[in-house]
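The next block holds one structure in the form of structure tokens; read it before the comments.
Numbers restart at 1 for each chain; the letters A, B, ... are given by sequence-line order, proteins then strands.
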Amino acid sequence: MDIASLIGLIGALGMIIGAMITAGGVGPFIDVASILIVFGGTLFAVMYKCTMPVFLRSWGAMAKAFMPKPASQEELIGKMVELSDLARKSGLMALESVEVPDRFFSKGLQMLVDGADEQKMVKQLNEEIKAMKRRHSEVHEAVRGWIDIAPAMGMIGTLIGLVQMLGNMADPKAIGPAMAVALLTTLYGAFIANVLFGPILAKLEGYSAHEALYREMVIAGLRNIARGESGRNVQEQMVAVMPPKLQTKLMAA
Amino acid sequence: MDIASLIGLIGALGMIIGAMITAGGVGPFIDVASILIVFGGTLFAVMYKCTMPVFLRSWGAMAKAFMPKPASQEELIGKMVELSDLARKSGLMALESVEVPDRFFSKGLQMLVDGADEQKMVKQLNEEIKAMKRRHSEVHEAVRGWIDIAPAMGMIGTLIGLVQMLGNMADPKAIGPAMAVALLTTLYGAFIANVLFGPILAKLEGYSAHEALYREMVIAGLRNIARGESGRNVQEQMVAVMPPKLQTKLMAA
Amino acid sequence: MDIASLIGLIGALGMIIGAMITAGGVGPFIDVASILIVFGGTLFAVMYKCTMPVFLRSWGAMAKAFMPKPASQEELIGKMVELSDLARKSGLMALESVEVPDRFFSKGLQMLVDGADEQKMVKQLNEEIKAMKRRHSEVHEAVRGWIDIAPAMGMIGTLIGLVQMLGNMADPKAIGPAMAVALLTTLYGAFIANVLFGPILAKLEGYSAHEALYREMVIAGLRNIARGESGRNVQEQMVAVMPPKLQTKLMAA
Amino acid sequence: MDIASLIGLIGALGMIIGAMITAGGVGPFIDVASILIVFGGTLFAVMYKCTMPVFLRSWGAMAKAFMPKPASQEELIGKMVELSDLARKSGLMALESVEVPDRFFSKGLQMLVDGADEQKMVKQLNEEIKAMKRRHSEVHEAVRGWIDIAPAMGMIGTLIGLVQMLGNMADPKAIGPAMAVALLTTLYGAFIANVLFGPILAKLEGYSAHEALYREMVIAGLRNIARGESGRNVQEQMVAVMPPKLQTKLMAA
Amino acid sequence: MDIASLIGLIGALGMIIGAMITAGGVGPFIDVASILIVFGGTLFAVMYKCTMPVFLRSWGAMAKAFMPKPASQEELIGKMVELSDLARKSGLMALESVEVPDRFFSKGLQMLVDGADEQKMVKQLNEEIKAMKRRHSEVHEAVRGWIDIAPAMGMIGTLIGLVQMLGNMADPKAIGPAMAVALLTTLYGAFIANVLFGPILAKLEGYSAHEALYREMVIAGLRNIARGESGRNVQEQMVAVMPPKLQTKLMAA
């Protein structure tokens, strides 16, 4: 559970709804036709932008931003130290039955046990990381679609409202409310782009970078095991990516 | 048939036309002079931006976004496994009569059969990929022209309308409708840039990246065949670019 | 003669002038003071941005966008094939008196005839390409100056007009026309940036990329001649940068 | 104490408050609901964008922009010269008890004393620099969140205010003040993005670059010590990164 | 004296002041409070953005844009040819007493005379170029501060003016002039960013690139001297960076 995502989203929504209530209630800020053109129009335009599988995958990815299971770098280092000591004591074969926390790690380990040479293993695992980044960035493009298109849809909605309003100004009293409704789509567009999808894109990109770094650490660790380095040496090299305080703590352990 | 393109475009258009109908009918949103300056002006400015052949080619490319025939990576892997096994059994000459799904693959295979050395084959095929990317990005530039210039043309049209309106404000009743018409060009500009051409550019760039990746996979596969790798090895290396689930499925096969 | 430039520019201008005429004549859209601040102000600001020689050179470059003499890649390949066959038959010395279509080609050929070693020739010709790109991008910066500064000058002009108008609102009837004039500079700025100079910058960058590619092809061809490759081999390698259809045609010849 | 940060921030605030006072007092520019939506809303949206630890760390980083302790390059060069002379005279072991100004330097020195080979030391220290840059850029992303989101929140607040105002225009006298309040959020958004957080982000990026450069100098120095270069040689190489005037001064010393 | 800078700046200022005079005199466009918030506020915010030394240095750099002493590439080539011939005739020692046009050249030459090996000399001089680029780009960041922050300060000033104006609309006659004053800060912001500092940043970046290129040419020349190349060879290689016409002229000499 990513507590910052939850507090952040609820808090931001709360502030905006609070401002609406202060301004006299949420009612005047809801207009079904406006919601349709901005939310619906953007939804379809994003679908038009992506291929269908990527469009569908993007929803799962965004859901994960609230329930991430980020792989722990500390745990990985601990495991690697354990494995390298085991490999030195009992040979690479002994790693066969070891349980590791994720599929990528397990795949690399299997290659090691199968006797793949280091160069080839590194190359293939790096290919996997590149392919993962490519898949993630396709999803990010879909999320970026919401950020790019929603404000444009909001503007299109407002222009439609304005043109209609300016076309029949017979009743001066109707001008204010008509303009208020016209502005709603711009408001929705700004809300979708900056509050709903903007921050989540940054979060997804952060998780993606974290995952790539984690996998690079797995590769670095496996290389060291392949070379028969001692657990202490493996640890020393892998902690370099951790913040200074954690380094001291980990090295002391 | 790219179902997402079709649903997306029709859906987005539907939402916008729906909003116009809700606002009192599509009629007031159509103005021939405004259409001419935004659609026509942008068309000519894009032509001014590109060379003629690129301008013409861009239309074909956009049509393809609705009817793509994306090369299948799974099928490619299957074919490569088959070919590498065949080459190991019967020699490279046996590949001569094999049918392959696309011109690029067939060209590389021909070079292999003709006895070109690996390095040279790779270099020349990579040149082809680079040349393809260059041709694609010329087309993308043309599409980007619509996205960049249409809003500017919309703004120019609105300014022309405003200047004309402000110049003769004798009849106060005419101000509203005149301004409504002036705003139409801005509406058209936003529509062209964000609904029609914006998403299609992203889609074209996606297809282009997919095609480049496919061709890189062809090269990787041909290199392995040239080296006499077994089908199993070829498969193992090539699946690295596929999503995890597909990998498991393909390797199990 | 670049037909797309001519049709494009005339067409775009026609659309805009047409919209003005529809709006009641071109007259109200012409204001000498506004033209001075936007065209003149931008001209001087661009001069302030560049050095004098680059500023002057940029005009020649833009004129060329209408009268380009793009070097033909097909003709180059034909010439290269001819030269490589000649060199194999009669030695590099025989290339001395051959006529080639451009100065860059001729310079490289001269180096070959003078017995320069391949590495050195490639290095020096690559330096020339880099220097050409540098000179071109200086000119592009000057053109970009128009695109960046003209809208700003337009806005400055409009603000000057608005401040003056708001300062004396004694006569309500004068407000409309005064505001119309104030908006003219914004109109001019958008026109200069998006219709006049925006597309031409893209065209210049395209020609520059084409020229660089052509020169890289010259280098590739000369390397092959230096190595004594046959004309057929030279052709095979050089056509890789051409579109598929042209490849087939050229290879068949 | 970074005197420029302090003078700059106080001066800029002073100018803005001064303009408010000139315009009739600070009072009308303070509105609690507006402050809540812009400051609060942005705060939560930034939290939603980052992970919690990064969000919390960003505050410490910004505080440091006012109280930086930038490592002195001159002092570092002096120390390196001293150490290299010491190492030549008494061997690397003699460096054990030497005191150095920062943790990174001390870590590298320890590796040297422990007999790590040069290549490995350089690799590991470079890893540390990369990890530091990664941590810093996470924090910068958080700060950039304020710059990106605050103007959007300001616009959302203004739109809420406008919609509410346009919905009830019964009392024409209330329109002016209501619109004034609506504009306040835009004002706050521009203020947060451009005066509070914009400059501080540039400052943090500057310190981060300075720190990375300092650490690269530490590595360069340690390499020279490992190779047994004389103090004079070490100095000559390290001063290359200093401005010309300082170079002359340092070399004369 | 950079004649383009002077003509450009004076011309652009003249156009703007001319437009003000046409609009009824410069008087209404000057407002001390507005000047303070835009010029003063931006000044302080830029100071807040930079460190103090960089802020101070940026003024000297901008002054130099009007009085540049760009190093002459032609003169450099001439000197290099002379030196290489001298070195071949009388040995590297003979270069000791030679006078060279700039500090960087002289430093490299000194290293050559001192017998530094080529690799080391190149590495150290490249370090100097990198350090120079770093120092220049710090200054450019400061100038960019003006371009980024001034329009924001203008907008903040205008918002302050609008809020104050909307708060007391008792006297309808005061609305126009109050709004005129409010718009002045936006005008100042656009003027500072686009007329004063925008072009000068491009000019500074141009000079910086020119200086870096010049220094790379110095390194290339010195390498050739170290290798004992003849003057003719040195010239041939160095002219590659000059425009075609100058090449012909220089080679003919």
Side-chain angles (χ1 to χ4, degrees), chain A residues 32-34 36-57 103-104 107 111 120 123-132 134-135 138 141-142 144-145 148-149 151-153 155-157 159-170 175 182 185, chain B residues 2-16 18-20 22-25 28-29 65 68 70 151 173 175-184 186-188 190-191 193-196 198-203 205-207 209-210 213 220 236-238 240-244 247:
Chain A
V32 175
S34 302
L36 270 179
I37 184 171
V38 183
F39 280 81
T42 307
L43 183 96
F44 282 116
V46 170
M47 201 186 283
Y48 177 30
K49 180 187 176 182
C50 313
T51 58
M52 201 49 110
V54 169
F55 177 75
L56 296 174
R57 225 159 66 210
R103 218 192 57 85
F104 183 80
K107 179 166 187 177
M111 292 179 75
K120 202 179 142 188
K123 187 160 168 263
Q124 203 161 324
L125 293 180
N126 274 328
E127 276 300 322
E128 293 242 355
I129 297 183
K130 260 173 62 184
M132 181 195 78
R134 204 157 39 217
R135 280 196 308 276
E138 281 173 2
E141 265 323 292
R144 205 187 311 281
D148 289 346
I149 300 172
M153 279 294 171
M155 184 184 150
I156 287 175
L159 285 168
I160 290 176
L162 285 179
V163 167
Q164 186 255 354
M165 180 197 92
L166 290 163
N168 13 279
M169 301 210 299
I175 294 177
T185 55
Chain B
D2 183 344
I3 198 70
S5 291
L6 206 73
I7 297 183
L9 181 55
I10 292 176
L13 287 178
M15 287 293 162
I16 290 170
M20 286 175 177
T22 316
F29 295 97
K173 280 197 183 148
I175 293 178
M179 188 142 176
V181 172
L183 285 179
L184 279 181
T186 294
L187 175 57
Y188 295 162
F191 173 73
N194 295 292
V195 182
L196 287 191
I200 218 172
L201 177 59
K203 189 149 252 168
E205 286 176 339
Y207 283 133
H210 181 272
L213 175 60
E236 235 174 45
Q237 279 175 45
M238 291 183 78
V241 301
M242 314 291 288
Q247 282 192 28

Partners passing side chain to side chain donor-acceptor pair (under 3.5 Å) against A:R135 (at least two apart in sequence or in another chain): none
Pairing residues for B:T22 by the side chain to side chain donor-acceptor pair (under 3.5 Å) criterion, not counting sequence neighbours: none
Side-chain donor or acceptor of A:Y48 paired with backbone N/O of B:L196 under 3.5 Å: yes
Side-chain (B:K203) to main-chain (A:C50) donor-acceptor, under 3.5 angstrom: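 A pair under 3.5 Å: yes.
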Toward chain A, the part of B:L201 with a non-hydrogen atom under 4.5 Å: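 The answer is neither part of B:L201.
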Part of B:E205 lying under 4.5 Å from any heavy atom of chain A: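 The answer is neither part of B:E205.
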Pairwise distance CG(B:L183) to CG(A:L166) - rounded to 0.5 angstrom: 6.0 Å
Separation of B:Y188 OH from A:L159 CG (nearest 0.5 Å): 11.5 Å
Region of A:E128 that comes under 4.5 Å of a non-hydrogen atom in chain B: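 Both backbone and side chain.
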Side chain to side chain contact (heavy atoms under 4.5 Å, CB included) between A:M153 and B:N194, worked out: CA-CA 8 Å; A:M153 279 294 171; B:N194 295 292; over 6 Å; no
Non-hydrogen atoms of A:M47 and B:I7 that approach each other most closely: SD-CG2, 3.7 Å
Where A:I160 and B:M20 come nearest, the two heavy atoms and their spacing: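 Between these two residues, the closest heavy atoms are CD1-CG, 3.8 Å.
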Max heavy-atom pair count under 4.5 Å with chain A, selected residue of B:S5, B:A209, B:A19: B:S5
Heavy-atom pair count under 4.5 Å with chain A, highest-scoring of B:I175, B:V195, B:I10: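 Most heavy-atom pairs within the cutoff with chain A belong to B:V195.
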Check: A:K120 and B:Q237 side chains under 4.5 Å, non-hydrogen atoms: yes
